Structures are given as C-alpha cells and as structure tokens.
Amino acid sequence: MTRIPLRPLAAILDARKKGTDPDAIERLNTSARHEVIQNELRSVGEGRLVVLGVMFFCAYAVIAAQMGLLAGSEPTEQRAAGGGVEILAQRADIVDRRGRVLATNIETHSLYAQPQEMIEPKRAAKELVKIFPDLDEARLTKDFSGKRKFIWVKKKISPEQLQQVHDIGEPGLLFGPREARLYPNGTLAAHVMGGTSFGREGVHAAEVIGTAGVEKQFDEYLRDPANGARPLQLSIDMTVQTAAERVLYGGMRLMGAKGAASILMDIHTGEVISVVSLPDFDPNNRPLPPVEGDPDDSPLFNRALQGVYELGSTFKVFTIAQAIELQLVNKSTMINTRGPLVWGKHKIRDFHDYGKELDVETVLTKSSNIGTARISQMIGAERQREFLGALGMLDTTTIEMPEASGGKPLLPKNWSEISTMTISYGHGLSATPMHLAAAFSTIANGGRKISPTLLKQDGPNYGAQVLSPFVAREMNDMLRKVVTDGTASFGDVAGYSVGGKTGTADKPKARGGYYKDKVIASFASVFPTDNPQYVLIVTLDEPEIYTMGENRRSAGWTAVPVAAELINRVAPLLGLRPNVEPGKLAGITLTSN
C-alpha cells in the first residue's frame with residue numbers, strides 16, 4: 001500500500017503562494033489516513049466475527065446432535081474391557097440327524113433400572129420381588145435409592161414377566177432386547193447339549209457362549225457368521241433319544257439305582273445315535289456345579305463319558321477274542337476252571353463252581369473268572385496291553401465333547417501278571433461306557449477300529465483292522481449264546497437276535513477298597529447278531545432288586561432286562577424289521593380208503 005505524506009511539499013508551497021493555512025492540509029490528510037485505517041480494522045473485525053460465529057454454530061450443532069442421540073438411546077454401564085467392540089449375538093442352530101431342532105435362539109428381553117428416573121423406588125422393589133422371588137427386596141431398595149445411574153435387574157425375562165413388570169408402571173424400569181439360547185425339548189439330550197451362558201453384555205445385545213457339551217466344543221463354529229447360519233447336525237436321533245431316556249429312567253427307578261447311563265452306537269460309522277446319563281438337568285436352566293460332596297452325584301456329571309468304572313466281565317470278550325486271534329485257543333479248547341486259582345496271596349474265584357474244566361465258549365457263556373484268567377496267562381501282559389490299546393481302551397475317547405477329557409482310563413501302575421489276570425475279567429482297569437461301546441463296535445463290525453462321534457456321517461468310518469473277520473464272527477456267535485444259554489438270558493428280545501456280555505463289578509470306595517453291597521452293573525449288547533448294526537451299552541450305578549426271595553445286584557438281573565426293554569423299544573425306530581418265526585404247521589392226517 002502506497003503511503004501518502006501528511007505534509008506534501010507541493011501542496012504546502014501552493015498554499016503559501018495562495019496565502020492559505022498549510023496546517024489545514026496536514027489535518028485533512030491525517031483525517032483521511034485515520035478513516036482508511038478504521039475501514040481496514042472494521043473489515044478485519046467483521047471477518048473474525050463471522051469465523052467465530054461459524055465456529056460457535058458448528059460446536060452447538062454437534063452438542064445438540066449428541067444430546068439428541070443420547071436422549072433417544074438407552075444407557076449402558078461402562079465396562080472395563082471390551083468397550084467399543086461389537087457384540088455378535090447370532091448363534092447357529094443345532095439339529096439332530098433328521099434335521100429336527102435341538103437348540104435354537106429366541107428373542108427375549110433384559111430388565112434394567114435407571115434410579116434417577118424412578119418415582120417410587122420402594123414400591124418398585126416390592127413389586128419386582130413378587131414377580132421374581134429370587135430377588136432381595138432390601139438390596140433392590142438400597143440400589144434404587146442410591147446414586148447409581150444404571151442397575152441390571154434381570155439379564156433374561158420371559159414375555160409374561162415383561163408384561164408384569166410393564167404393569168408396575170415405573171418409568172425407571174426399562175427393557176433391552178437380546179437373544180437367548182433355547183432348548184425346546186427341555187431335558188432331552190441335556191448332557192450332549194451342555195448349555196450356554198452370556199459373555200460380553202450390553203443393553204441391546206448379549207454374547208451367547210457355550211459352557212459345556214457340544215455348545216462348548218463347537219462354540220467357534222456356532223458363532224462364526226461365515227457359516228451363513230448353517231446348523232450343526234449331530235448324529236443323535238431325537239426320537240430314539242426320547243425312548244432311551246424314558247426306558248432307562250424307568251429301569252433305574254425299578255432297579256433302585258442311584259444313576260444310569262446308556263449308549264447306542266452305529267458299529268459301522270461310529271455315530272452315537274443316543275447317549276443318556278441320569279440324573280440329568282434342563283439346559284435352559286443349567287444348575288451350578290457342586291462345591292461339596294461326591295461329583296458323580298451331581299446331575300451335571302456325564303456318566304457315559306466321565307464315569308470311569310471297572311466294567312467287570314464285559315472285558316472277558318476282549319481276552320477271548322485276542323486268544324483266538326493269536327491262535328492260542330479256539331472256542332472248543334478246554335480250560336482248567338478248578339478253583340480257587342491262587343496267585344501269591346491272591347485268590348480268584350468263580351460265582352458258581354463250574355467243575356474241573358470248561359471249553360472256551362462256555363467260559364464266556366457262564367462267565368468264568370478262573371477260566372478267563374488262565375487264558376490271559378497264555379496271552380501275557382505285554383500283548384494284552386497292546387491289544388487293549390488297539391481297541392482304544394487305554395486313552396481318552398475322541399468323541400466331540402469337552403467332558404471326554406475327564407474320562408481318562410485308570411491303568412495299573414505295574415502291569416504285572418496278576419494285573420493281567422484280573423484285567424482279563426474286568427478288574428484293575430477302569431474305563432468309561434463310551435470306551436466299552438467303541439471297543440464292542442470294533443468286534444461286532446468285523447474287527448475294524450471304530451472311533452465314536454456325535455456328528456452325522458455320510459457312510460462307514462473304519463479304522464485299522466484290529467481283529468480278523470473270522471474271529472469277529474466267532475465272537476458274535478458266542479455273544480449270541482451268552483443271551484440264549486448264559487448269564488444274559490433276560491436279554492433275549494422277540495424278533496431280534498441279541499448278543500451281549502454282562503459285567504458286574506464291586507464299586508470302589510473313595511479312599512480305597514471295595515463295597516461289599518454296591519456294584520456297577522453293565523450289559524454290552526450287539527443286535528441283530530445275524531447282521532450286526534448297533535451296539536448298546538447299559539450301566540447302572542448301585543442297582544438292587546428283590547426277587548425270588550433275595551436281593552439281586554448282578555447285571556443279569558438288573559442291567560440286562562433294562563437293555564432288553566430298550567432294544568425292544570428302539571429297534572423299530574431304527575428301521576430294523578423283526579424276524580418272524582413261522583408257526584407250526586397244522587398236523588395233517590393221511591388216510592387211505
């Protein structure tokens with residue numbers, strides 16, 4: 001900008017020449033300069049005011065928008081972790097082998113309170129206790145009267161409870177939508193389902209996570225949006241499972257047992273069609289784990305997978321099968337059964353005196369401990385352990401349940417000759433009913449290793465060849481004879497050729513030793529033996545029934561009748577047609593004239 005001098009020389013000389021006042025020129029120029037400066041300052045000030053006004057407008061607009069957003073939303077409590085992380089509430093369904101729903105999601109609501117919005121906190125607390133008796137009225141009153149701005153009242157409520165709370169008319173009681181896990185069949189397959197709980201929670205959503213069973217095992221799959229909400233399909237058949245639970249429960253009550261377990265397995269695919277553990281629970285309202293007492297008294301305890309028991313004479317099948325496979329005996333070989341069999345300070349006895357000797361088939365049919373122990377001496381400890389390992393009896397099962405890890409077999413510390421002898425008839429080695437089901441399936445299907453699974457399979461799923469097909473057929477024939485002529489005579493089912501082996505083992509005490517009046521009774525069965533398809537294991541904990549003038553505890557009197565009724569009930573559901581034996585033809589008398 002060009003600066004004009006206040007007293008320009010030419011103007012001063014001209015003023016003096018004309019006789020006017022030169023100072024007037026300076027005053028005029030000074031006034032003009034001040035006016036220019038003021039115009040510039042005014043322009044700068046106006047610009048600043050405009051910018052400041054725009055800034056204030058934007059700030060107030062943001063505040064107003066935030067206040068509007070907060071006014072239209074529901075408050076959540078601040079969480080120490082997980083803030084700002086989206087909660088994925090979706091969870092895929094679980095279905096049975098026929099596509100019927102075992103577990104699904106349901107839209108429900110949570111109940112929370114904003115104490116600052118409450119009008120009558122004491123009345124609200126009193127009315128809530130009427131709806132939810134498990135709440136503490138004094139605690140609610142204290143919380144509602146305090147300084148907290150947010151209080152969870154119930155994480156999950158039913159539509160009926162929502163309406164009842166709504167009818168209280170308290171503006172400080174609010175509801176938030178969320179998804180919850182629903183098991184529409186109640187206690188059906190409870191131990192398989194396991195259950196869920198809430199993980200991260202907000203007012204608008206809650207993260208559903210698996211806590212046990214297949215819900216926990218497949219938690220990542222069920223929560224993965226990439227699966228497109230495809231359901232998890234299990235091998236369980238809902239209809240068969242229902243029948244098995246009802247029959248087993250009735251048998252448990254009839255036999256006075258404190259617990260029971262059953263497993264129905266396809267011997268070619270390893271699919272578990274039904275697995276029951278009693279007592280059970282409702283996964284919709286899963287109970288808390290016990291903090292005292294015996295763990296297996298809890299309904300959460302899965303007897304089929306976690307119950308590690310001595311399974312008694314069912315092991316005789318493995319001993320005899322291995323001896324025939326090694327060509328040490330055949331089913332007609334005579335075995336010395338004179339008793340008692342003395343080994344050091346140990347004495348092995350039979351339940352009955354069977355005489356001096358029995359053939360191998362009769363050793364199994366009559367369930368001779370002495371005969372089986374002598375056969376095991378021919379096999380030896382090393383080969384016995386190797387064979388049981390090949391059957392999967394020495395490691396945890398690979399079934400898709402987290403509970404399976406708790407069913408690790410209990411092995412002798414020193415696998416001596418006496419251990420070999422007692423293990424041969426099911427004492428000294430403890431395993432789960434699921435181990436027994438897999439091992440019997442291996443024998444029944446022609447000697448091919450089977451691994452149990454809870455997932456539906458497309459076809460047979462055989463492992464290594466453990467037994468030759470010839471030996472497997474021989475064993476199936478002998479198992480049938482155990483039912484027709486031996487200790488499992490109550491296991492015969494009209495129309496279905498059932499084979500199997502009983503097992504009765506004294507129940508061990510927690511601090512060592514065995515009870516004299518408590519047993520674990522088991523029956524491992526195969527049906528139909530003329531074309532084996534399924535294995536059924538039934539185990540009863542402390543059964544006892546009074547019949548024929550005395551108390552009976554052995555598996556032949558307890559587990560076998562329950563298994564027979566179960567087969568009779570489920571075989572038609574599995575599509576197995578009974579073999580109808582033709583009746584006797586009417587006699588015809590020939591006469592001649």
Side-chain angles (χ1 to χ4, degrees), residues 86-108 156 158-159 177-201 205-245 263-266 268-277 280-286 302 304-305 397-404 434 451-461 570 573-575:
E86 182 182 1
I87 296 177
L88 298 177
Q90 293 181 345
R91 192 174 182 86
D93 291 348
I94 301 176
V95 299
D96 80 339
R97 64 186 301 106
R98 299 186 186 181
R100 294 170 294 190
V101 174
L102 295 171
T104 188
N105 298 332
I106 184 174
E107 290 187 4
T108 183
K156 183 172 62 175
S158 68
R178 62 172 53 195
E179 275 191 347
R181 201 63 163 166
L182 175 68
Y183 304 92
N185 306 295
T187 60
L188 185 71
H191 287 92
V192 177
M193 296 296 102
T196 58
S197 62
F198 289 123
R200 292 175 301 168
E201 294 179 279
E207 186 179 48
V208 181
I209 58 175
T211 56
V214 294
E215 290 279 20
K216 182 176 182 180
Q217 182 74 24
F218 297 99
D219 186 62
E220 185 175 348
Y221 174 89
L222 293 168
R223 294 168 58 191
D224 189 355
N227 293 321
R230 290 193 302 271
L232 174 68
Q233 188 167 33
L234 302 183
S235 60
I236 297 294
D237 187 304
M238 185 190 301
T239 305
V240 175
Q241 179 76 18
T242 302
E245 289 187 8
I263 301 167
L264 179 65
M265 183 182 295
D266 186 312
H268 300 291
T269 64
E271 292 172 305
V272 176
I273 309 300
S274 165
V275 54
V276 185
S277 176
D280 57 7
F281 59 94
D282 187 349
N284 291 299
N285 188 24
R286 182 179 170 88
N302 190 334
L305 272 71
T397 62
T398 57
I399 193 167
E400 304 88 350
M401 292 268 283
E403 290 80 3
M434 188 62 72
S451 297
T453 178
L454 278 168
L455 298 178
K456 186 180 180 183
Q457 304 297 304
D458 295 329
N461 189 18
V570 305
L573 300 176
L574 295 168

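Here the structure is a predicted model, which means the values were calculated and not measured.
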What's the shortest heavy-atom distance between Pro184 and Leu182, and which atoms? CD-O, 3.4 Å

To the nearest 0.5 Å, how far apart are CG in Leu232 and CG in Asp96? 11.5 Å

Thr187: side-chain hydrogen bond (donor to acceptor under 3.5 Å, both in side chains) partners, not counting sequence neighbours: none

side-chain hydrogen bond (donor to acceptor under 3.5 Å, both in side chains) filter on Arg178, not counting sequence neighbours, yields Glu201

Quick one: does Arg181's side chain get under 4.5 Å of Phe198's, heavy atoms only? no

Exercise: identify the closest heavy-atom pair between Val240 and Ser274: CG1-CB, 4.1 Å

For Ala304, all residues meeting side chain to side chain contact (heavy atoms under 4.5 Å, CB included), sequence neighbours excluded: Ala261, Ile263, Val275, Asn302

Hits for side chain to side chain contact (heavy atoms under 4.5 Å, CB included) against Ala189, two or more places apart or cross-chain, chain-then-number order -> Val192, Gln241

For residues Glu271 and Ser235, report the shortest heavy-atom separation together with the two atoms involved. CB-CB, 3.7 Å

How long is the gap from CG on Leu573 to CD1 on Ile273, to the nearest 0.5 Å? 12.0 Å

Examine distances only and state if a side-chain atom of Glu215 and a backbone atom of Gly210 form a donor-acceptor pair shorter than 3.5 Å. no

Any side-chain heavy-atom pair of Val95 and Met238 under 4.5 Å: no

Donor-acceptor pair, distance only, cut-off 3.5 Å: does the side chain of Arg286 make one with the backbone of Gly194? yes

I want to check something: taking the side chain as every heavy atom from C-beta on, are Glu179 and Ile106 in contact at a cut-off of under 4.5 Å? no

If you look only at distance, which donor and acceptor atoms sit under 3.5 Å apart when one is on a side chain in residues 451-459 and the other is two or more places apart or in another chain?
residue: Thr453; atom: OG1; partner: Glu400; partner atom: OE1; Å: 3.3
residue: Thr453; atom: OG1; partner: Glu400; partner atom: OE2; Å: 2.7
residue: Thr453; atom: OG1; partner: Leu455; partner atom: N; Å: 3.1
residue: Lys456; atom: NZ; partner: Arg97; partner atom: O; Å: 3.2
residue: Gln457; atom: NE2; partner: Leu455; partner atom: O; Å: 2.8

Restricting to side-chain hydrogen bond (donor to acceptor under 3.5 Å, both in side chains), what partner residues turn up for Asp93, sequence neighbours left out? Thr104

Just to verify, what does Asp237 make a salt bridge (charged side-chain N to carboxylate O under 4.0 Å, His left out) with, not counting sequence neighbours? Arg98, Arg100

Side chain proximity check, Leu222 to Ile94, heavy atoms < 4.5 angstrom: yes

Go through the structure and list residues passing ring-ring contact (aromatic ring centres under 6.0 Å, His included) with Phe218, not counting sequence neighbours. none

Sorted by chain and number, sequence neighbours left out, side chain to side chain contact (heavy atoms under 4.5 Å, CB included) with Pro159 holds for none

If the condition is salt bridge (charged side-chain N to carboxylate O under 4.0 Å, His left out), which residues does Asp219 pass it with, not counting sequence neighbours? Arg91, Arg223

When rounded to the nearest 0.5 angstrom, what distance separates CG in Asn105 from CD in Glu107? 9.5 Å

For Glu403, what residues pass the side chain to side chain contact (heavy atoms under 4.5 Å, CB included) criterion, not counting sequence neighbours? Ala212, Gln306, Met401

Does any N or O in the side chain of Asn284 come within less than 3.5 Å of the main-chain N or O of Tyr183, such that one atom is a donor and the other an acceptor? yes

Sub-3.5 Å donor-acceptor pair from the side chain of Asn185 to the main-chain atoms of Val101, do we have one? yes

Is there side-chain contact between Leu264 and Val272, with heavy atoms separated by less than 4.5 Å? no

Side-chain donor/acceptor of Asn227 to backbone N/O of Tyr221, under 3.5 Å: yes

Taking side-chain hydrogen bond (donor to acceptor under 3.5 Å, both in side chains) as the definition, give me every residue that meets it alongside Thr196, ordered by chain and number, with sequence neighbours left out. none

Distance check, rounded to the nearest 0.5 Å: Ile236 atom CD1 versus Met193 atom CE? 7.5 Å

Ile209 side, atom CD1; Glu220 side, atom CD - distance, nearest 0.5 Å: 13.5 Å

